[in-house]
Amino acid sequence: MVKILSDSTCDLSQELVERYGIEILPLHVLLGDEDHRDGVDITPAEIFAWSDEHKSTPKTAAPSLEDAVESIGKLLVDGNEVICFSISETMSSSFNIMRLAIEELEAKERAFVFNSANLSTGIGLLVVEAACMAKEGLCAEEILNKLEELRPRVRSSFVVDTLTYLHRGGRCSGVAALAGGMLKLHPKIVVVDGKMEVERKYRGNIAKVIKTYVQDMEEALRAARPARVFITHSVGDDEIVKGVRAYLENLSVFDEILETRAGGVISSHCGPGTLGVLFIA
């Protein structure tokens, strides 16, 4: 049997984690000297409150090698194979920590790390696909081959309400220039080859911007893989999210429209008011 593990940046809801039997390995969110486990003992609301109070953004860190060994090791019982998913290798050392854990467990024949080259539910889309294939009885090699085909077809993008978090984090090319501008801009950030880039710039209030952002993707959404689409956000405005869901429902493309909240690590880098629509082409 193939077991599926992902680091916490996949931003899957607890309901989806339980539905598909996925093991989650938390990254760490550092609020000053305080170390918290993503999705375990820290929430995005607490992160934003700390950031407002301290006029700073949190730091994030990969899982410890010890935690990775423990999480992967317990899945290897009874002859299981394990596929581990990490956030893009260019964004974190999570991939390398998992690789080292597999070496320490002497399990390279049965455990494998898959570099998602993505973030948030861009990873989650691949994790769920892998879990579905595992339930169908495919072996790890078969699943990994199919994942290689799917990875370049994942479409991950989002718009942000504030540039502060991305600018301080320094992980998105082009944001520094935008942050120095006089006009309040809401960039559309896309993930390309494992890196974040600014694709488009919107102006106006965030509700209007998000509506336009989704409408601009209609052609791509109509041609998407129909199994599922994610709305992943740290918006906090239910009406905005309901509007996005209604728009996607009216397209009559997707079997499932899944809403998830951005986790602690993703929220630390993107800030409040962020929303993305993620799917597989």
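The first residue in the sequence is number 1, and the count goes up from there. As a basis for the values below, the full set of heavy atoms in this structure was taken, side chains included, without hydrogen atoms, waters or symmetry mates.
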| Considering only heavy atoms from C-beta outward, does the side chain of R155 approach that of I280 to under 4.5 Å? | no
| query | For the atom pair SG (C10) and CG (N118), what is the distance rounded to the nearest 0.5 Å? | reply | 11.5 Å
| task | Hey, could you give me the CD1/CG distance between I72 and L25, rounded to the nearest 0.5 Å? | result | 7.0 Å
| task | Run the numbers on S120 and F158 for side-chain contact (heavy atoms from CB on, under 4.5 Å), then give the verdict. | result | CA-CA 10 Å; S120 189; F158 53 94; over 6 Å; no
| Nearest atoms (heavy-atom pairs only) where P44 meets G264 | CG-N, 4.3 Å
| request: Might you point out which heavy atoms bring P26 and D38 nearest each other, and give the distance in Å? | output: CB-O, 3.6 Å
| Test item: I83 and L5 side chains (from C-beta on) under 4.5 Å apart, heavy atoms | no
| task | Would you check, one step at a time, whether the test side-chain contact (heavy atoms from CB on, under 4.5 Å) holds for V2 with L138? | result | CA-CA 8 Å; V2 179; L138 275 67; over 6 Å; no
| note | Between H28 and S64, the two heavy atoms sitting closest are NE2-N, 4.2 Å
| query | Quick one: do the T121 and T260 side chains pair a donor with an acceptor below 3.5 Å? | reply | no
| Qualifying salt bridge (Lys or Arg N to Asp or Glu O under 4.0 Å) pairs with a residue from residues 2-27, counting only residues at least two apart or across chains | E15-R19, R19-E256, E23-K74
| field | Point-to-point distance, once rounded to the nearest 0.5 Å, from CZ of F279 to OG of S156 | value | 9.0 Å
| said: If I take atom CG from residue N205 and atom NZ from residue K211, how far apart are they, to the nearest 0.5 angstrom? | reply: 11.0 Å
| Is there a donor-acceptor pair under 3.5 Å between the side chain of S8 and the backbone N or O of L27? | yes
| Quick one: do the S93 and N96 side chains pair a donor with an acceptor below 3.5 Å? | no
| said: Checking the side chain of E199 only, and the main-chain atoms of K188 only, is there a donor and an acceptor separated by less than 3.5 Å? | reply: no
| task | Name all residues meeting the ring pair (Phe, Tyr, Trp, His ring centres under 6.0 Å) criterion together with F85; count only those two or more places apart in sequence or in a different chain, and write none if there are none. | result | F114
| task | Indicate yes or no: at least one non-hydrogen side-chain atom of L125 is less than 4.5 angstrom from one of F230. | result | yes
| task | Treat each ILVMFWY residue as a node, draw an edge where side-chain heavy atoms are under 4.5 Å apart, and state whether L75 and L144 are in one component. | result | no
| task | Check salt bridge (Lys or Arg N to Asp or Glu O under 4.0 Å) between K135 and all other residues, then give those that pass, not counting sequence neighbours. | result | none
| task | Side-chain contact test, heavy atoms from C-beta onward, threshold under 4.5 Å: evaluate it for L16 versus S13 and give yes or no. | result | yes
| field | side-chain contact (heavy atoms from CB on, under 4.5 Å) assessment of R228 paired with V128 | value | CA-CA 10 Å; R228 63 191 60 84; V128 170; 3.5 Å; yes
| Do E197 and V191 come close enough that some side-chain heavy atom pair is under 4.5 Å? | no
| query | Would you call D41 and R37 a salt bridge, taking side-chain N to carboxylate O under 4.0 Å as the test? | reply | yes
| task | Answer yes if V190 and V198 sit in the same cluster of Ile, Leu, Val, Met, Phe, Trp and Tyr residues linked by side chain heavy atoms under 4.5 Å apart, and no otherwise. | result | no
| said: With clusters defined by side-chain heavy atoms of hydrophobic residues (ILVMFWY) lying less than 4.5 Å apart, directly or transitively, does V214 cluster with L251? | reply: yes
| Heavy-atom pair of closest approach, residues I22 and L12 | CD1-CD1, 3.8 Å
| query | Is any side-chain heavy atom of Y20 closer than 4.5 Å to a side-chain heavy atom of C132? | reply | yes
| field | Minimum heavy-atom distance between G73 and L105, given as atom pair plus value | value | N-CD1, 3.7 Å
Quick one: side chains of residues 216-225, donor-acceptor pairs under 3.5 Å with protein atoms, not counting sequence neighbours, listed by atom name and distance.
| from | atom 1 | to | atom 2 | distance (Å) |
| --- | --- | --- | --- | --- |
| D216 | OD2 | R200 | NH1 | 2.9 |
| D216 | OD2 | Y202 | OH | 2.8 |
| E218 | OE1 | Y247 | OH | 2.4 |
| E218 | OE2 | R222 | NE | 2.9 |
| E218 | OE2 | R222 | NH2 | 3.0 |
| R225 | NE | E129 | OE2 | 3.1 |
| R225 | NH2 | E129 | OE1 | 3.3 |

| message | Side chains of V154 and L278, heavy atoms from C-beta outward: is any pair under 4.5 Å? | response | no
| request: Check whether any side-chain N or O of E149 sits under 3.5 Å from a backbone N or O of K146 as a donor-acceptor pair, and report yes or no. | output: no
| query | Between V160 and H186, does a side-chain contact (heavy atoms from CB on, under 4.5 Å) hold up when you go through it step by step? | reply | CA-CA 6 Å; V160 298; H186 303 283; 5.7 Å; no
| request: For E249, enumerate each residue passing the side-chain hydrogen bond (donor to acceptor under 3.5 Å, both in side chains) test, keeping only those at least two apart in sequence or located in another chain. | output: none
| query | Taking the side chain from T274 and the backbone from H233, do they hold a donor-acceptor pair closer than 3.5 Å? | reply | no
| What salt bridge (Lys or Arg N to Asp or Glu O under 4.0 Å) pairs are there with at least one residue in residues 100-118, not counting sequence neighbours? | R99-E103
| said: Grouping I, L, V, M, F, W and Y whenever their side-chain heavy atoms are under 4.5 Å apart, do I4 and V82 come out in a common cluster? | reply: no
| query | With distance as the sole test, does R245 use its side chain to make a donor-acceptor pair with the main-chain N or O of I257 at under 3.5 Å? | reply | yes
| For the atom pair CG (L119) and CD1 (I189), what is the distance rounded to the nearest 0.5 Å? | 10.5 Å
| said: Testing the basics here: between S268 and V29, what is the closest heavy-atom pair and its distance to 0.1 Å? | reply: OG-CG1, 3.7 Å
| request: Decide yes or no for T90 and D193: does some side-chain heavy atom of the first lie under 4.5 Å from some side-chain heavy atom of the second? | output: no
| query | Do H36 and E46 have side-chain N/O donor and acceptor atoms under 3.5 Å apart? | reply | no
| CG of N250: more than 12 outside heavy atoms within 6.0 angstrom? | yes
| message | Do V229 and L275 sit in one hydrophobic cluster, given that two such residues count as connected whenever their side-chain heavy atoms are within less than 4.5 Å of each other, even indirectly? | response | yes
| field | I87 backbone acceptor or donor facing S92 side chain under 3.5 Å | value | no
| query | Roughly how far, to the nearest 0.5 Å, is the CG atom of N115 from the OG atom of S88? | reply | 5.5 Å
